[in-house]
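Working notes for the structure below.
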Amino acid sequence: MGMKIEGFSKWSKSEKINWLKSLVPFDIENSISEFEISNAQLQKIIDGFSENTIANYVIPYGIAPNFLIDGKVYTVPMVIEESSVVAAASSAAKYWSTRGGFKTEILGIEKTGHIHFKWCGKKEDLYTIYPNVERAMIQEAKHITSNMEQRGGGILKTELLDYSASIPDIYQIMVTFDTKDSMGANFINSVLESFASTLESFIIAHPSLPDEAKDMDIIMSILSNYTPQCLVKAEVSCPIEGLGTFTNGMMAETLAKKFKTAVDIAHIDVFRATTHNKGIFNGIDAVILATGNDFRAVEAGGHAYAAKDGSYRSLSYCTLEDNMFKFWLEIPLSIGTVGGLTSLHPLAKISLNILGNPSALELMRITAAVGLAQNFAAIRSLVTTGIQHGHMKMHLMNILNSLKANDAQINEAITHFKNTTVSYAAVRQFLQNHPQNT
Ligand code: MEV
């Protein structure tokens, strides 16, 4: 049993590391020091993103070229630790770049937040005072909203909703926002908290409401990560015969049919749908991370959207009609290109520069295209060679590095495993048969 630590968060970084040193049976200080950034100023900025920080956890930062999206070519930065993802995105991007590229459409830009509160008075009284409450809430939040309004965004509407049939006395004010180029979480939450406080004081100060109405209670005020009205669609299409032939000699029409069936399966089977959508998020999350956006928010909203009709389904669709192969993705993406980590994390800034400093809407289009590319590459592999073929080839380097193979062994192994199945045991055996000095 360890002792309870008091005031830990106030300790300096080196105090925290020293304390940890006494708890672990290895030299933690030395182990993590190689991950420290030599630029102290930069290290301080990164340490400040979280709390009790003692090291940097490094994840590869890659780029996927040849993304033709709405007629513009992008090189997309991707932060991901899984092998094959960037290779798959790049391969799908190149493939579609000669078939018209990705076409995208913004289907909505609205985000919402909610004030959940308890009201024990008459429902009619609440609805009667609401127009005045709304006016007061908007007026008193002006100091928060005026900047956003100058940028063309702000509060779009508010709505009073009755949840009392499900939970006694519970109501909600749903506020809809346009947060322009920012993801807007802080803005939305600040407005909601200001609204909640106005709502409470309005009711308490109201001259004619009965006592039970004054007994209202704010439960909570928070944005929603479910953003079905902040939505983007990305699509690829081409004549079926234009799909070409595939690695194992599979013809276009066979591929198209198997591909569509694979997508259809992800619409009826939750086990497959989850893996299918995970593949989409391999690409989406990698861009979200590279650009300093919140991947947990995007994942939560995306998975909720996948279950919008009551069953969890594929986020992508495929049709084969009039000899055309059409494959598209519809996904809510509440993301930003200003504010938050996008402006603070030096690599997020670099990512946005690589992308040509897109607006939030342009970044939604790019991100959705990468998700679709990732999904296309995964299904193409699944219905042709199988996923392990490419995946283990990519993973070969990880295995070789972990077994401390030297350059000569790596080159020999790459040649050997071109036509041989890669597995950890097979690579270890190969290295035993080809020792370092031969
Ligand atoms: C692996 O990270 C992602 C895939 O499983 C996605 C899929 O099955 O569609 C390959």
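Just so you know, ligand 1 is whichever comes first in the structure, and atom 1 is the first atom listed for that ligand.
Listed for the E412 side chain is no donor-acceptor partner under 3.5 Å among the backbone atoms of Q409. The closest donor-acceptor contact from the side chain of T179 to the backbone of S182 lies under 3.5 Å. No donor-acceptor pair closer than 3.5 Å links the side chain of T227 to the backbone N or O of Q229. Of the possible polar contacts, none joining the S381 side chain to the G386 backbone as a donor-acceptor pair under 3.5 Å is found. Remark: the backbone N or O of S164 is paired with a side-chain donor or acceptor of D162 at under 3.5 angstrom.
Annotation: cation-pi geometry not satisfied between K118 and Y171 (NZ/CZ under 6.0 angstrom from ring centroid, within 45° of ring axis).
Contacts of ligand 1 (protein heavy-atom distance under 4.0 Å) are E82, R272, T275, H276, K278, G279, N282, A378, L382, I387.
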